[in-house]
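Step one of this worksheet: look at the structure below.
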Amino acid sequence: MKALTWHGKGDIRCEAVPDPKIEDGRDAIIKVTSCAICGSDLHLMGGFVPTMESGDVLGHECMGEVVEVGRENTKLKVGDRIVVPFTICCGECRQCKWGNWSLCERSNRNGKLQAEQFGYPGAGLFGYSHVTGGYAGGQAEYIRVPYADVTHLKVPENLTDEQVLFLSDIFPTAWMAAENCEIKPGDTIAVWGCGPVGQLTIRSCFLLGAKRVIAIDTVPERLAMAAASGAITIDFMKEDVYDRIQDLTHGRGADACIDAVGTEPRTGASFDSVIDRVKVATFMGTDRPHVLRQAIQSCRNFGTVSIVGVYGGLLDNIPMGSAINRGLTFRMAQTPVQHYLPKLLDRVERGEIDPSFVITHTASLEEGPDLYKTFRDKKDGCIKVVLKP
Ligand SMILES: [Zn+2]
Ligand SMILES: [Zn+2]
């Protein structure tokens, strides 16, 4: 079959790889009908995620049709149409039973390796390095889904792929980012980053009752899309973000601040972002947490900082003095996707939200490597890419 594979920093190829096979009784093989490139795939492309190996199949946002089912899998049958959550979970361990699906205690085959880095391991993830289990991803014609009797969401035929595909990751992630802010009527929520997750976060904040959403980015088409969703926009290259939030909130700060950027912010608008860049380039640091610093500073007293942007290691110069003295609450997680699926599918079915509005590019798998670059360089108005294997 054909798949998008990783071959080192900046080197992604579409090439032939062996077809996946059933390895365990609970597995299923899915013929992928749609898959997407995620902002976090760019961290892999940039070479920022250790334990990638040449030839690894990429992709953790996909859906398709079940074409083969393991003997013990009684939940799925050939022909079922499913979305595949990016977090692999067994459904039986303590964390799965608690609903903390992204921290399944069984699905990460290389959990020991991850525990060395993080203290304790998380769940196995599709197409996201060997430290998360080394599972082949879904930017491919077929994918093997382990624990597929639990790791799936059946979707109705009357919804298009585009309407449900993002239930695999970015819509639940965006929803969690908003829900973690415990939004009350009248609240003002500031969202850093107007990529696909940021866009869906803005809509989620409004659906959860926010009065105002302030969207921060610098890419014109992203800001335009945020404004079309009803957000007040700030271009951080043209305005001081903290000052503008001050103006908008009578000097109090935003009720909650959401970091939907993570470790690779655009450098240049502030001194600390330049220092971060130098530190990472000289191996003196692992992450560039400029956005997190600004989110903390811009949050009102006893407000919430909600983090869904990806960080990987040790973050320098985080203003903990500000956070502690002003009583901020920090909320963050690798999204426990399954927890959000039934209610979000419901909202899509009821027509409250159609997540497909973020899609700007649809292409074949063969065009995937070029579109990775287009997406990375934010060229051609690119906000979200969907591939059709
Ligand atoms: Zn993703
Ligand atoms: Zn589990």
Side-chain angles (χ1 to χ4, degrees), residues 4 6 24 26 32 34-46 48-49 57-63 75 83-111 114 120-129 132-133 135 137-139 143 145-153 164-177 193 195-201 260-264 307-312 333-341 344 355 358-359 368 371-372 375-376 383-387:
L4 298 191
W6 185 93
D24 180 271
R26 294 175 63 185
V32 178
S34 296
C35 58
I37 304 175
C38 180
S40 57
D41 289 330
L42 297 180
H43 304 316
L44 299 173
M45 187 191 199
F48 295 106
V49 181
V57 176
L58 296 164
H60 60 268
E61 300 180 1
C62 75
M63 64 177 295
K75 294 280 167 59
V83 168
V84 183
F86 79 97
T87 49
I88 304 168
C89 39
C90 76
E92 293 169 343
C93 73
R94 212 165 51 134
Q95 293 288 353
C96 280
K97 288 233 163 86
W98 286 339
N100 302 335
W101 305 97
S102 51
L103 296 174
C104 172
E105 293 171 335
R106 284 199 201 152
S107 60
N108 186 351
R109 300 180 287 199
N110 298 325
Q114 197 172 37
Y120 299 93
L125 308 178
F126 290 104
Y128 215 79
S129 87
T132 64
Y135 294 101
Q139 287 164 4
I143 181 172
V145 180
Y147 301 110
D149 49 353
V150 178
T151 307
H152 75 265
L153 171 74
V164 292
L165 172 61
F166 302 137
L167 290 166
S168 58
D169 175 4
I170 61 171
F171 185 24
T173 296
W175 189 266
M176 178 186 72
V197 171
Q199 298 292 345
L200 287 164
T201 301
V261 176
T263 193
E264 288 187 76
I307 308 166
V308 286
V310 175
Y311 293 100
Q334 187 74 271
T335 316
V337 174
Q338 283 88 333
H339 171 73
Y340 297 98
L341 287 180
L344 293 185
V358 298
I359 302 170
L371 279 162
Y372 257 87
F375 180 43
R376 177 193 64 191
I383 292 176
K384 187 72 175 175
V385 178
V386 171
L387 302 172

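Every number for a ligand or one of its atoms is a count from 1 in the order of the listing.
Within the protein, the N, O or S atoms lying under 2.8 Å from the Zn ion (ligand 1) are C38 SG, H60 NE2, E61 OE2, D169 OD2. For the Zn ion (ligand 2), protein N, O or S atoms closer than 2.8 Å were enumerated as C90 SG, C93 SG, C96 SG, C104 SG, with waters left out.
Counting only heavy atoms from C-beta outward, the side chains of C35 and V386 never approach each other to under 4.5 Å. Side-chain atoms of V150 and W101, non-hydrogen and from C-beta on, do get closer than 4.5 Å to each other. The shortest side-chain heavy-atom distance between Y372 and Q139 falls under the 4.5 Å cut-off. With contacts defined as side-chain heavy-atom distances shorter than 4.5 Å, the pair H152/K75 qualifies. Taking the side chain as every heavy atom from C-beta outward, R26 and P146 never approach each other to under 4.5 Å.
Interatomic distance, I359 CD1 to S34 OG, rounded to the nearest 0.5 Å: 8.0 Å. Annotation: the span from F166 atom CZ to M63 atom CE amounts to 10.5 Å, rounded to 0.5 Å.
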Under 3.5 Å, side-chain donor or acceptor atoms of residues 86-93 against the rest of the protein: list the pairs with distances, not counting sequence neighbours.
from: T87; atom 1: OG1; to: Q338; atom 2: OE1; distance (Å): 3.3
from: E92; atom 1: OE1; to: R106; atom 2: NH1; distance (Å): 2.6

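By the side chain to side chain donor-acceptor pair (under 3.5 Å) test, W175 is found to be paired with E179, residues two or more places apart in sequence or in another chain being considered.
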